[in-house]
Amino acid sequence: MIPTATVTSPNNSLFSRLRFVLVETSRAGNVGSVARAMKTMGFKELVLVAPKCADPLNDPEAVAFASGAIDVLQNARIVPDIKDALDGCNFAAAVSARLREFSPPVWTPRAFSSHAASQQSLVPAVVFGNERVGLPNHIVEACNVLINIPANPDYSSLNLSQAAQVLAYEARMAALGDGIDAGSVGFHGDAASVSQIDGMYAHLEQALVAIGFLNADNPKKLMPRLKRLFARTGLETEEVNILRGIARAIMSSTANNTPPRKD
Ligand code: SAH
């Protein structure tokens, strides 16, 4: 099995700083789904402000929807109001589908995540509203920014946990820098040096002349085009050796033959 890329998260990374706050959530299943959305992206701090569902940490629907994120669900804190939820935070983002007349600056999830990931002194919170009525104005107005997920203008209201998933995903991408380090998965050889690649081009050119594909008196743009093609691939030493081997084989197989005419 190909190992997945490992990601180290230093203590002050966004993974340990970002808090998810749900205000007056009605459906226990949504609380469980948010826990799952968070854990799949590496976040763990969940705070519930005055939930409208009974016993959301143990409700069977919440537990079922949390699935393997039961730890995030059951470690969630329940607090009576938003002040308690934001205690210790120094940057709060109201997450809302609704733009309002009086609102803090409107950011995308990506802009927020990039800001939160790069400013390591920030202890940020993303604050989500109730499924039916969203966030009350007084909470939005108390936040530093409003995060709006730019959705279909004709139907822009996501399910609460899906909105949390978008936020968690963007925050993860920002925290990881380039996102998944796909470059660390699978086999990697040493990059070929410029002189190795130059030698291979010379060799390849001779082979192409030998088989009459390249007319030495009228080469046109064949070699520059091939060089451009190879330049896009990030050649490794071993690959350069293979290409030289092919050129050598072409040349030895044509050594006793006259190259075909190219009229
Ligand atoms: N009818 C409510 C929508 C509630 S959806 C309203 O008008 O606000 C539940 C929560 O999901 C919202 O409070 C918000 O936190 C989040 N959400 C849903 N869609 C969103 C969007 N397009 N952008 C930002 N947050 C969204």
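Note: hydrogens, waters and symmetry copies are ignored here, and every other heavy atom, side chains too, is used.
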ILVMFWY network linking F20 to I82, side-chain heavy atoms under 4.5 angstrom: no

Given 3.5 Å as the limit, does a donor-acceptor pair link the side chain of S156 with the main chain of P153, or not? no

L208 with V240, same ILVMFWY side-chain cluster at under 4.5 Å: yes

What one should report as the nearest heavy-atom pair of A50 and P80 is CB-O, 3.7 Å

Rounded to the nearest 0.5 Å, the CG atom of N30 sits from the CD atom of Q162 at a distance of 9.0 Å

Is N90 reaching over with its side chain to a backbone N or O of V123, donor-acceptor style, under 3.5 angstrom? yes

Donor-acceptor under 3.5 Å (R36 side chain, A69 main chain): no

Below 4.5 Å, heavy atoms only, C-beta onward: do M251 and H203 meet side chain to side chain? yes

Donor-acceptor pair between Q74 and N58 side chains, under 3.5 angstrom: yes

In terms of hydrophobic clustering (I, L, V, M, F, W, Y; side-chain heavy atoms under 4.5 Å; direct or indirect links), are V145 and L135 co-clustered? no

How long is the straight-line distance from OG of S253 back to CD1 of I211, given to the nearest 0.5 Å? 8.5 Å

Starting at CZ of R17, measure out to OG of S121 and round the result to the nearest 0.5 Å. 7.5 Å

Do the side chains of D71 and K39 get close enough for a salt bridge, i.e. N-O under 4.0 angstrom? yes

With a 4.5 Å limit on heavy-atom distance, are the side chains of E24 and V133 in contact? no

Taking E236 for the side chain and G189 for the main chain, is one N or O donor matched with an acceptor at less than 3.5 Å? yes

Side-chain contact, heavy-atom cut-off 4.5 Å: L167 with L18? no

What pair of heavy atoms forms the shortest contact from L122 to A116, and how long is it? CD1-CA, 4.3 Å

What I'd like to find out is whether the side chain of H115 reaches to under 4.5 Å of the side chain of W107, using heavy atoms alone. yes

Heavy-atom donor-acceptor pair, R19 side chain to A85 backbone, under 3.5 Å: yes

Over all atoms of both residues, closest heavy-atom pair of A93 and F112: CB-CE1, 3.8 Å

How far apart are the closest heavy atoms of S113 and A174, and which atoms are they? O-CB, 3.4 Å

Considering only NZ, NE, NH1 and NH2 on the basic side and carboxylate oxygens on the acidic side, decide whether R100 and E141 come within less than 4.0 Å. no

Residue pair P219 / A216: nearest heavy atoms and the distance that separates them: CD-O, 3.6 Å

Any side-chain heavy-atom pair from L160 and S33 closer than 4.5 angstrom? no

If you round to the nearest 0.5 Å, how far is CG of N137 from OG of S96? 9.0 Å

Got a donor-acceptor contact below 3.5 angstrom from the R172 side chain to the M41 backbone? yes

Looking at N144 and A92, would you say the former's side chain and the latter's main chain have a donor-acceptor pair under 3.5 Å? yes

Cluster question for you: counting only ILVMFWY and a side-chain heavy-atom cut-off of under 4.5 Å, with indirect links fine, are V127 and L46 together? no

How many angstroms lie between CG in D84 and CD1 in I78, if you round to the nearest 0.5 Å? 12.5 Å

Flag side-chain contact, heavy atom, 4.5 Å: V31 against P51: no

Is there a donor-acceptor contact under 3.5 Å from the side chain of N130 to the main chain of T25? no

Is it the case that the side chain of D59 and the backbone of G32 share a donor-acceptor pair, with hydrogens and angles ignored and the cut-off at 3.5 Å? no

What do you reckon, is CZ of R110 surrounded by more than 12 foreign heavy atoms closer than 6.0 Å? no

Measuring only between side-chain heavy atoms, which start at C-beta, is T40 closer than 4.5 Å to Q165? yes

Can you find a pair of side-chain heavy atoms, one from F213 and one from L222, that are under 4.5 Å apart? yes

So with a 6.0 Å cut-off around OH of Y201, is the heavy-atom count from everything else above 12? yes

Could you see if V72 belongs to whatever hydrophobic cluster contains V126? Use Ile, Leu, Val, Met, Phe, Trp, Tyr and a side-chain cutoff under 4.5 Å. yes

Rounded to the nearest 0.5 Å, how far does CG of D87 lie from NZ of K83? 11.5 Å

Identify the two heavy atoms, one from F15 and one from K44, that lie closest to each other, and give their separation to 0.1 Å. O-NZ, 4.1 Å

For the side chain of R98 and the backbone of S157, is there at least one donor-acceptor N/O pair under 3.5 Å apart? no

